[in-house]
Amino acid sequence: MHLAYPAVLSALLFCTGLYGVLARRNAILVLMSVELMLNAVNLNLVAFDVWLSKTAQDTLHSGQALTLFTIAIAAAEIGIGLAIVLAVYRNRGTSDIDKLRDTAEGPDTSGPDSGGSDGDGPDGDVSDGDGPEAAAVTADEKAEATA
């Protein structure tokens, strides 16, 4: 078999995975697309290993060994990635990447254009939990309660 067949298939798999990473909104589908890209790399590693071992009479098969290492890394990545996605889904109620990015980048209230006086209340005292600091504390408490 020619080297071009697995190389073209690998390029198609990689491009499909890249499209999935760039176009998908759901975090689980993005993780699946990353897995598709890693499998394309594995296919290339094995194909080039077989091709080079025919020409050089190499018995080491380093491409196949590297593929096994990549599969182990991909399995760990999926395990940790799914755990993170499930934790975010429990806390936020969605796994939509755009919505998660919007909630993480809230408006900056401590900047020079905010008009506030460094978190002080209208009477000069520090406010007692009505601002974004109280929301951060309740989010931390919620995260600790679900863990």
Side-chain angles (χ1 to χ4, degrees), residues 1-116 118-119 126-147:
M1 180 165 62
H2 295 289
L3 182 63
Y5 298 133
V8 167
L9 179 63
S10 176
L12 288 174
L13 281 174
F14 192 85
C15 289
T16 304
L18 185 64
Y19 172 75
V21 167
L22 295 176
R24 297 292 177 191
R25 305 263 190 255
N26 192 340
I28 293 176
L29 292 177
V30 170
L31 287 174
M32 288 174 59
S33 298
V34 169
E35 284 296 314
L36 209 68
M37 292 168 63
L38 287 173
N39 285 332
V41 170
N42 287 340
L43 181 63
N44 251 347
L45 285 172
V46 171
F48 276 97
D49 179 56
V50 168
W51 182 65
L52 289 175
S53 67
K54 283 182 182 178
T55 59
Q57 297 300 326
D58 187 20
T59 59
L60 184 59
H61 297 294
S62 58
Q64 294 178 11
L66 191 57
T67 297
L68 289 175
F69 179 71
T70 306
I71 289 171
I73 294 297
E77 176 254 335
I78 277 297
I80 292 172
L82 281 177
I84 291 171
V85 168
L86 287 175
V88 167
Y89 182 78
R90 282 185 191 159
N91 286 336
R92 305 270 176 101
T94 185
S95 62
D96 188 3
I97 294 175
D98 289 335
K99 290 181 183 175
L100 295 176
R101 183 178 40 221
D102 291 342
T103 58
E105 296 176 353
D108 186 21
T109 59
S110 62
D113 296 333
S114 64
D118 296 335
V126 175
S127 63
D128 56 2
D130 293 335
E133 295 85 13
V137 170
T138 57
D140 290 339
E141 290 172 358
K142 183 178 179 183
E144 289 178 14
T146 57

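- Among N26, I28, V30, the one residue that satisfies the side chain to side chain contact (heavy atoms under 4.5 Å, CB included) test with V85 is I28.
- Smallest separation of non-hydrogen atoms from L38 and A74: CD1-CB, 3.6 Å.
- The structure places CG of L12 at 10.5 Å from CG of L36, a figure rounded to the nearest 0.5 Å.
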Exercise. Could you please spell out the steps behind the side-chain contact (heavy atoms from CB on, under 4.5 Å) verdict for I78 and M32?
Key: CA-CA 9 Å; I78 277 297; M32 288 174 59; over 6 Å; no

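- Between S95 and Y89, the closest heavy-atom pair is N-CD1, 3.9 Å.
- Here the side chains of L31 and E77 are in contact, with some heavy-atom distance below 4.5 Å.
- From L66, atom CG reaches atom OG1 of T70 across 4.5 Å, with rounding to the nearest 0.5 Å.
- At a threshold of 4.0 Å, the pair D98-R25 counts as salt-bridged, since one of the basic side-chain nitrogens sits closer than that to a carboxylate oxygen.
- Applying the side chain to side chain donor-acceptor pair (under 3.5 Å) test to residues at least two apart or on different chains, the pairs with a partner in residues 35-45 are S10-N44.
- H61 NE2 to D49 CG: the interatomic distance, rounded to the nearest 0.5 Å, is 6.0 Å.
- Side chains of L13 and M37 form no contact here, defined as non-hydrogen atoms less than 4.5 Å apart.
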